[in-house]
Amino acid sequence: MTLTMTATKIVATKTALSAALVACGLALGMFSVGAAVSGAQPPAPPAPVQGEQPPAWAPPKPAEVWNGHPVVWNPGWGGRWGVWINGGFLILTSNPVTGGG
């Protein structure tokens, strides 16, 4: 009977050890993926950063630069003047089509 209990303890220990190794492997995998994503360069800004030609009906350009970034025309949302900062478009003018936001 002692031999059977010892064998059962060994199997239980091996199973627990296997489960712990799998859990550690998964945790390390999640950390390595997180490190790769956080260390990645931010995406390049969309094409309007290079400067898209505004239509004839566009309001006058409010400035050439704002906070060190070039002011460009973005045709989205009815068209607006703004700047690209960290991959996001900061709007500097209202919508010329609707006259609002």
Side-chain angles (χ1 to χ4, degrees):
M1 186 161 234
T2 311
L3 184 59
T4 307
M5 279 193 149
T6 305
T8 305
K9 286 182 181 179
I10 291 173
V11 169
T13 304
K14 285 184 178 180
T15 304
L17 183 59
S18 297
L21 287 174
V22 167
C24 287
L26 289 174
L28 286 174
M30 289 183 344
F31 285 128
S32 66
V33 168
V37 171
S38 66
Q41 292 293 324
V49 139
Q50 284 78 30
E52 188 168 315
Q53 284 298 107
W57 50 264
K61 191 173 188 177
E64 288 300 315
V65 281
W66 185 85
N67 201 20
H69 299 278
V71 175
V72 295
W73 177 258
N74 185 343
W77 314 290
R80 300 180 186 194
W81 289 104
V83 293
W84 287 100
I85 298 178
N86 295 331
F89 191 69
L90 180 62
I91 299 168
L92 299 178
T93 60
S94 62
N95 185 328
V97 176
T98 63

Exercise for the section: With side chain to side chain contact (heavy atoms under 4.5 Å, CB included) as the test, would you mind laying out the steps for N74 and R80 before giving the verdict? Expected result: CA-CA 5 Å; N74 185 343; R80 300 180 186 194; 5.6 Å; no
The complete set of salt bridge (Lys or Arg N to Asp or Glu O under 4.0 Å) pairs with one or both residues in residues 60-75, sequence neighbours excluded, reads K61-E64
With a 4.5 Å limit on heavy-atom distance, are the side chains of F89 and V72 in contact? yes
Taken in chain and number order and not counting sequence neighbours, the residues that satisfy side-chain contact (heavy atoms from CB on, under 4.5 Å) with L92 are P62, W66, V71, V83
side-chain contact (heavy atoms from CB on, under 4.5 Å) filter on P59, not counting sequence neighbours, yields W73, W81, P96
